[in-house]
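Structure record follows, encoded as structure tokens.
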Number of protein chains: 2
Amino acid sequence: MGRHKVTIKKIEDATRSQITFSKRRNGLIKKIHELSTLSDVDVALVAFSPSGRVSQYPSDNKKFMKTLNRYVNLPILDRD
Amino acid sequence: MGRHKVTIKKIEDATRSQITFSKRRNGLIKKIHELSTLSDVDVALVAFSPSGRVSQYPSDNKKFMKTLNRYVNLPILDRD
DNA sequence: GGGTCTATTTATAAATG
DNA sequence: TCATTTATAAATAGACC
């Protein structure tokens with residue numbers, strides 16, 4: 001989407017990579033919030049930026065860790 | 001997007017909720033893959049379905065746990 | 001339960017403040 | 001950097017199989 005069609009491969013230009021990361025991370029977090037709300041489910045996301053900073057969803061750490069722990073404590077056969 | 005505009009609130013009908021979950025989860029995982037590839041970054045996702053089954057990204061458990069551990073070991077001040 | 005179609009909404013690439 | 005604009009690509013709601 002956007003002015004041009006984009007091929008999904010690593011963006012070598014660091015500036016463009018960072019800009020794309022910021023915009024798409026925002027879109028991703030919005031979509032996760034929508035999925036979580038619409039279907040009333042637990043979702044957690046961790047995303048490292050090109051510079052190594054981290055974003056998470058949900059922003060509340062207790063809720064975030066609760067979802068991760070729910071995953072970790074799940075019998076492996078019930079995963080995916 | 002789609003035939004009608006949708007309000008972001010819990011879908012009470014269980015069947016519609018499940019269908020929406022499946023479709024949007026697929027879209028979400030595609031977008032995460034794109035972000036991860038375009039900006040060459042680590043991203044991890046956990047999503048529980050309405051019936052309690054879990055989906056994850058990346059599907060490879062070692063890569064997945066590596067990203068989670070990278071997060072857990074990060075100094076709290078470097079988060080978000 | 002997953003796959004296809006398509007009208008329509010939404011995300012976003014590039015350009016610009 | 002961070003926000004806004006706008007043309008265009010992409011996601012998806014509902015219907016169907």
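Convention: sequence-line order gives letters A, B, ...; per-chain numbering from 1.
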Would you kindly give the [atom1]-to-[atom2] distance between [X] and [N], to the nearest whole Å?
X	N	atom1	atom2	answer
A:F21	C:dT12	CZ	P	13 Å
B:R24	D:dA10	CZ	P	18 Å
A:I19	C:dA15	CD1	C1'	11 Å
A:E34	D:dA11	CD	P	14 Å
A:N26	D:dA3	CG	C1'	11 Å
A:M1	D:dT8	CE	P	16 Å
A:I32	D:dT12	CD1	P	12 Å
B:H4	C:dT10	NE2	P	12 Å

Phosphate contact (D:dG14 OP1 or OP2) by B:R16 side-chain N/O below 4.0 Å: yes
Side-chain N or O of B:K5 closer than 4.0 Å to phosphate OP1/OP2 of D:dT12: no
Of the nucleotides [options], which one has an atom closest to the side chain of [X]?
X	options	result
B:K23	D:dA13, C:dA11, C:dA13	D:dA13
B:K30	C:dA13, D:dA13, D:dA11	D:dA11
B:R3	D:dA11, C:dA7, C:dT12	C:dA7

Taking [X] for the side chain and [Y] for the main chain, is one N or O donor matched with an acceptor at less than 3.5 Å?
X	Y	result
B:S39	A:S17	yes
A:S36	A:V43	no
A:T7	A:K9	no

Closest-nucleotide ordering on DNA chain D, the 5'-leading residue of A:G2 and A:T15: A:T15
Aromatic ring proximity, centroids under 6.0 angstrom, A:Y71 and B:F64: yes
Lys NZ or Arg CZ of A:R70 over B:F48 ring: under 6.0 Å, within 45°: yes
Most 5' of B:S51 and B:K31 on DNA chain C, judged by nearest nucleotide: B:S51
